[in-house]
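What follows is a short report on a single structure.
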There are 2 protein chains.
Amino acid sequence: MESTIKDIKRETGLALSTISKYLNGGNVRPENKKKIDDAVRKLDYHPNEMARGLITKKTRTIGFLLYDISGTFAGILTHHVGTLLRQRGYGMIICDSSNDKSVEEQNVKFLADKKVDGLLVVPVSSDDTFLEPIKKANIPIVTIDRKITGTQLDCVTIDNEEAAKNAVEYLIERGHERIAAIYSEEYTGKQRRDGYRKAMRSAGITISGEYEYHERLHSVSLGYNGMQKFLKLPKKSQPTAIFMSNYEVALGVVMAINEAGISCPEDISLVGFDELTLTLVMKPKMTLMVQPMESIANEAVRILMSKLQNENSAALQRVLLYASLNEGDSVRDLRKR
Amino acid sequence: MESTIKDIKRETGLALSTISKYLNGGNVRPENKKKIDDAVRKLDYHPNEMARGLITKKTRTIGFLLYDISGTFAGILTHHVGTLLRQRGYGMIICDSSNDKSVEEQNVKFLADKKVDGLLVVPVSSDDTFLEPIKKANIPIVTIDRKITGTQLDCVTIDNEEAAKNAVEYLIERGHERIAAIYSEEYTGKQRRDGYRKAMRSAGITISGEYEYHERLHSVSLGYNGMQKFLKLPKKSQPTAIFMSNYEVALGVVMAINEAGISCPEDISLVGFDELTLTLVMKPKMTLMVQPMESIANEAVRILMSKLQNENSAALQRVLLYASLNEGDSVRDLRKR
DNA sequence: GAAATAAAGCGAAACGTTTCTGCTTTTAAT
DNA sequence: ATTAAAAGCAGAAACGTTTCGCTTTATTTC
């Protein structure tokens, strides 16, 4: 049915090895080049990746293991990563762990069985034991967005702590002191919480326990619940500003304040994370720490490709990117007046 | 390095064919069963999928081709589909077409070269010519969410027209006549527009051209822009209710009305589509046509699997699911008062 | 124009499975 | 105990490539 390299052989009269060599970028005589090209076109020949892979031990497939694909950050990241990989001829097998460590563990085994050439991972677990099957097979791994403990892995992250610190300092500079924070207990959530605390501490502001709200995962309801809680505090001790550690959280917060009839920035100032779909059209324009999504995808794919091409490039590559503050109108300057 | 079936042979003293048979579910003597099991465990043997695939001509991989993965609907669908496929031992190669027909065309070729066993597709194009490479290879295809013209394909869709019609009828029943609609020019957008028009027509309400707003793609800004436009109409002729054809559109509309200081349902009634992250926490709870996301994924995977197992099940399977109206508090009953 | 060097071509072996064919052993039935 | 049927087994071929070592052809240099 499908034509094979043997059909090309029959058509051209050349040896298998010659044809194969040319097809893989080798040199052949111009006349043979033409013969092969013509035959390929005529027979609509496509090399069988499996036969090829059997020898080269390469599937030209990358595993993309991520905590959960349904969120907006994950969706956009996946979009970029997938496109970059495809441009390089690599397929991407996605495994979504539903934010569950045991699912994640199974997924690693699954991807190891699928013999992916490399693994990109935005992990659920915070230590590296679950990666054992992939490590044992000596498959390169690059983690994205979240670091994990254990033996050091190549990774691409942003400086979350610094970003959060900058965001909160931006609030402090404008006279805010009663600043609350909403974050998750995931890696990025905790990092951003630390940045928040750091900024507060170095400004000499003590953080009231009431001003921190957290749940296990980043979600719209996390933001919504957190804001609800803050609004229940006595008027006098309500925060004047909220630091929100993620896009979905910001959605929840905005819902809560709209519902309560409170307006931003008059009554409450907001600083968030990630300029994604909704934050692009929101009014007032929100002040945000913007992550360089495309660069994150780019770097991750670049590192992985370098490992794939250069087996010897064993040097650890840990790229740290920075989020930039995108000033909007969601923060009131309390000094003026 | 990796252990092969030959190592199992050496370890057990059995023939390759016997081992292979057992590993593929065949019967062997109990003693041999044990021998093989032990050897597999001891050597940590995992069959080489490529060698296997070379013979069976199966990759145990499904292509998932979709218009764009960054949206919420796509993310959630992908989550479900991926999980179902993985449970059945299938990997899923995702190709995101960036809402671009020519990218989509390339992706089909890419997936054909990857020799996927089946294809699930939420297409950009509205006709089937781009699927040629997959069809030629005789690979089963199931379209999801959007139908395409050309030779009939298996598909899973919801009755968008009916759903939209029901949503708009719900508004009409509550005394609304000045009902506006915001939709995209994509398949689902147009279907839902048709449902809107149908409901209006059969209620004998003529639709003012000013009451329809559309852009090429569903997006937050589509909703935002649409609502902005309606708000610019003279007070007297402003719509009392909006039918929004998609989740992102609803976000945009809500942003626009919040910004304009208009409240729902007092000043404006809203009916939307899809109960996703944000609509889950919004107040007032939005009245929504809810698509059975999990069933959509389930049916699509079920159909595809049936085609894979039963080559002869050539019968066309076109599943039509229904969205259900989930009543919230976003619609004002104009009859009371 | 011959010798030396480089480039291109060739055939066979290999990759790790499954499957086919014919043979042997076990089980069941008489 | 004998026979027939069923089940299990071994060896070999096949799947469609790449790669290795060797031979042939082309190119350069004196």
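Residue numbers start from 1 in every chain, and the chains themselves are labelled A, B, ... in the order their sequence lines are given, proteins ahead of strands. Everything quoted here is computed from the prediction, not taken from an experiment.
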Would you kindly give the [atom1]-to-[atom2] distance between [X] and [N], to the nearest whole Å?
| X | N | atom1 | atom2 | answer |
| --- | --- | --- | --- | --- |
| A:Leu43 | D:dG16 | CG | C1' | 15 Å |
| A:Asp7 | D:dT17 | CG | C1' | 13 Å |
| B:Lys115 | D:dG16 | NZ | P | 10 Å |
| A:Lys35 | C:dA8 | NZ | P | 15 Å |
| B:Lys33 | D:dA7 | NZ | C1' | 13 Å |
| B:Asn48 | D:dG16 | CG | C1' | 14 Å |
| A:Ile55 | C:dG16 | CD1 | P | 10 Å |
| A:Ile5 | D:dT19 | CD1 | P | 11 Å |

Item to check | Donor/acceptor link under 3.5 angstrom from A:Ser17 side chain onto base of C:dG9 | outcome: no
Checklist entry - Quick one: does A:Thr18 reach the base of C:dA8 with a side-chain donor-acceptor pair under 3.5 Å? => result no
Checklist entry - Side chain of A:Leu54: nearest nucleotide among C:dT18, C:dC15, D:dA10? => result C:dC15
Give a yes/no answer on whether the side chain of [X] brings an N or O atom under 4.0 Å of OP1 or OP2 in [N].
| X | N | result |
| --- | --- | --- |
| B:Lys57 | C:dT18 | no |
| A:Asn24 | D:dT18 | yes |
| A:Arg52 | D:dT18 | yes |
| A:Asn27 | C:dA8 | yes |
| A:Ser20 | D:dT18 | yes |

Is any NZ, NE, NH1 or NH2 atom of the basic residue among [X] and [Y] found under 4.0 Å from an Asp or Glu carboxylate oxygen of the other?
| X | Y | answer |
| --- | --- | --- |
| B:Glu186 | B:Arg146 | yes |
| A:Glu132 | A:Lys135 | no |
| B:Asp38 | B:Lys34 | yes |

Item to check | Nearest-nucleotide comparison on DNA chain D, the residue closer to the 5′ end among B:Lys21 and A:Thr4 | outcome: B:Lys21
Checklist entry - Among B:Leu153, B:Thr151, B:Ile139, which residue meets the side-chain contact (heavy atoms from CB on, under 4.5 Å) test with B:Leu131? => result B:Leu153
Next on the checklist: Categorize B:Tyr22 for me: base, sugar-phosphate, or nothing, with a 4.0 angstrom heavy-atom threshold over every strand shown.
Outcome noted: nothing
Checklist outcome for this item: The reported gap from CD in B:Glu185 to NE2 in B:His218 (rounded to nearest 0.5 angstrom) is 10.0 Å
